[in-house]
Amino acid sequence: MRNNKSGVYGILDKFQRAAWFQLNNWPIRYKLIMHFLLISILPAICLGVLIAWATDNIIEKQVNDHTSQLIGNVNKSLEFYAGNLQNMTYFISFNPQIKRFLSSDVKQPESEVYDMKKFLQGFTTLYTEVAGILVVNAKGEYLSNEMYARSSRSLTEENWYKEAVEEKGIFKLIGHPSNRNVTTHVNYKDEDVVSVVRAILDPETQKVEGVVLIDLKLRVIAETVKDVRLGKSGYLTVIDDQGDSIYTPVHPIVSKLERAWIDEHPSGEFSKDIGGKQVQFIFRKSPFTNWTTVGVFSTKETVMEVREIRLYIICFIFVVCLLGIAASTYLSYTISKPIWQLMSFMRRAEDGNLSIRFKDVRQDEVGMLGRSFNAMLLQITKLIGLVEEEQRKKREAELRSLQAHIKPHFLYNTLDTIQWLSRKSGAHEVTEVVESLSRLFRIGLSKGNEIIPLEEEIAHIESYLKIQKTRYRDKLHYSLDIDPMLEGLYVLKVILQPIVENAIYHGIKERRGPGHIAIQAYLADERIQLEISDNGVGMSTEVLHQLRKSLGTYPQKSGMPSSQQPAPSLILPGDSQEELDTAKGYGIKNVQERIQLTYGASYGVHIDSEPGKGTKVTIYHPVIKRREAGRA
């Protein structure tokens, strides 16, 4: 069981995690829109549903209460008329002439009969709602101003008379007359009048002496009821205690009300499906008349009013949703736009563009983040500059340390001594070599200056070549071709010697037969170009490729080196350890680094070589005049 629960919870947990994971991956703009919509639209929809529900209940209750109130008013009106009729019966029964008519066995004189008719006619004159009054004694004789018997059949045999007798003096409304032997001079139809009766009793014996019959015009009831309208097609109807209709409008929704619907309850409400329509019934029974007034109306008409209110609510929700969507979109756009801009700036900064800046002047959190981003870029740029400056100073210090290790002053002084001794001994060749070596060190020192006249650099390399010529004799030949236009220009010192040394050790030395090194210096493209060419063994494509790559000149085929790659190493198979050290530490790599550290990546060394045809090294150097050299 535990495993099953953990399995179900595990699935739900994975589902929730997956859902939230996906939600977290949404762009912030869509998250904001979704949250704003939930905040604005969901409460509006809930409020609309609540209002619609409350409105339905309130309107239904108000309609029912209003209908009940109308029914109560109608019942009061009917009771008022019934009360008047009851009072008439009492008043008639107390009339002395009427009492003699009922109790005497002697026929009344005509004058008295006339007075009684006038008496009865006074009621119909005073109460126009009365259609006629009939007084019948126990022998079937009657008095009336408007009514008379249709035939000679005794009126005591009529149902209304018997019902009055059964009630023993209690006033009773018997509804529409039917099949009775009584009519009026106006000839009202049975459905045009409502009859009431009351038996007149002997106060001493409680014997029925006669019955008073009064017809009430239905028009009175109709005028009381028909003016009450319930909606467009609703109406009020009145039924008696037997369920027979007292008053029903011309075109009723329900032709006949079932007594079982009302049952024995004095009041209430219910609904029925009549002909596919939902019909609402509200009824109240009058305890005085025993008549029940029923309000009948279609629920659809009430729903129409509710639908109208619902339409207003839907329009309200639609407007709120529309405003919510517009506001959500605008707010999310205003919030996410600067964030997207900041992200774009960060990506460009990641690509190396540290000069970009966030220029929004907003004072919110995004503005603060943007200003922090700008400060961070400034700090990074500053730190990068400091690192570059430290690296440059470090390399310069290493170079100065290298030169200091040579101890040129000691060697220079020693060589002067050797030169003086050899000249004194007549060793002219030794004297010349020592003199060249001495000049070599003197120029190398150059009083600590890094930049020397080109003439001294040429003299320096010429001294070096003389020393090497003494060593290799006919194996090595060289030539110098210096453009006179270069006179007075300055160059970095000792930039030719490492390259010439490589040409001798890796070109001429490995060649069969004598070799030749040609040095040319001229102006081209507003630069000084120094070419050192040899006809040595050259180098293979792979070696040349590695050299160019290490110098940062590859894959350039010509022109200036521009890379910031590490400097080259000219260590080749067959070199002695000393030569290897020289080539490894202070060869072309040293020349390349010094030139590019001093003048930038636009200048430096470029190598061309072919196996068996020799090597040409070109030095690109800027044009430096005397004043600029002094500042350097």
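Note that these values count all heavy atoms, side chains included, but never hydrogens, waters or copies made by symmetry.
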Which heavy-atom pair separates [X] from [Y] by the least distance, and what is that distance?
| X | Y | value |
| --- | --- | --- |
| R511 | N535 | NH1-O, 2.7 Å |
| I495 | E457 | N-OE2, 2.9 Å |
| Y620 | I595 | O-CG2, 4.0 Å |
| M539 | L547 | SD-CD1, 3.2 Å |
| S479 | H516 | OG-CE1, 3.1 Å |
| I451 | Y599 | CD1-OH, 3.4 Å |

Does any N or O in the side chain of [X] come within less than 3.5 Å of the main-chain N or O of [Y], such that one atom is a donor and the other an acceptor?
| X | Y | answer |
| --- | --- | --- |
| S344 | W340 | no |
| H545 | T541 | no |
| K469 | H477 | no |
| E531 | A521 | no |
| R310 | A52 | no |

Under 4.5 Å between any side-chain heavy atoms of [X] and [Y], yes or no?
| X | Y | value |
| --- | --- | --- |
| H606 | K616 | no |
| I325 | I41 | yes |
| L378 | R357 | yes |
| N502 | V617 | no |
| V494 | R594 | yes |
| W53 | L50 | yes |
| I519 | L530 | no |
| L47 | I313 | no |

message: For E501 and Y505, which I'm curious about, is there any donor-acceptor pair between the side chains at under 3.5 Å?
response: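 Checked: E501/Y505 side chains show no N/O donor-acceptor pair below 3.5 Å.
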query: Would you say the side-chain atoms of E462 and Y478 include a donor-acceptor pair closer than 3.5 Å?
result: no
Starting at [atom1] of [X], measure out to [atom2] of [Y] and round the result to the nearest 0.5 Å.
| X | Y | atom1 | atom2 | answer |
| --- | --- | --- | --- | --- |
| L377 | S372 | CG | OG | 11.0 Å |
| I458 | S463 | CD1 | OG | 11.0 Å |
| I499 | I619 | CD1 | CD1 | 3.0 Å |
| K475 | I508 | NZ | CD1 | 7.5 Å |
| L496 | I532 | CG | CD1 | 5.0 Å |
| L544 | S609 | CG | OG | 6.0 Å |

May I ask you to check whether over 12 heavy atoms, not counting those of [X], lie within 6.0 Å of atom [atom1]?
| X | atom1 | answer |
| --- | --- | --- |
| M485 | CE | no |
| E487 | CD | no |
| Q278 | CD | yes |
| M376 | CE | yes |

task: Would you please test D608 and T615 for side-chain contact (heavy atoms from CB on, under 4.5 Å) and show each step?
output: CA-CA 6 Å; D608 292 307; T615 301; over 6 Å; no
query: After noting the C-alpha distance and the side-chain angles of M368 and R371, does the key distance pass the side-chain contact (heavy atoms from CB on, under 4.5 Å) rule?
result: CA-CA 5 Å; M368 295 172 63; R371 286 188 288 277; 3.6 Å; yes
task: Please test T55 against Y312 for side-chain contact (heavy atoms from CB on, under 4.5 Å), starting from the C-alpha separation and ending with a verdict.
output: CA-CA 12 Å; T55 303; Y312 295 147; over 6 Å; no
- request: Kindly determine whether E456 and K493 satisfy side-chain contact (heavy atoms from CB on, under 4.5 Å), including the steps that lead there.
  value: CA-CA 8 Å; E456 292 189 7; K493 68 180 181 182; over 6 Å; no
message: Using 30° and 60° as the class boundaries, would you call the ring planes of F358 and F345 parallel, tilted or perpendicular?
response: perpendicular
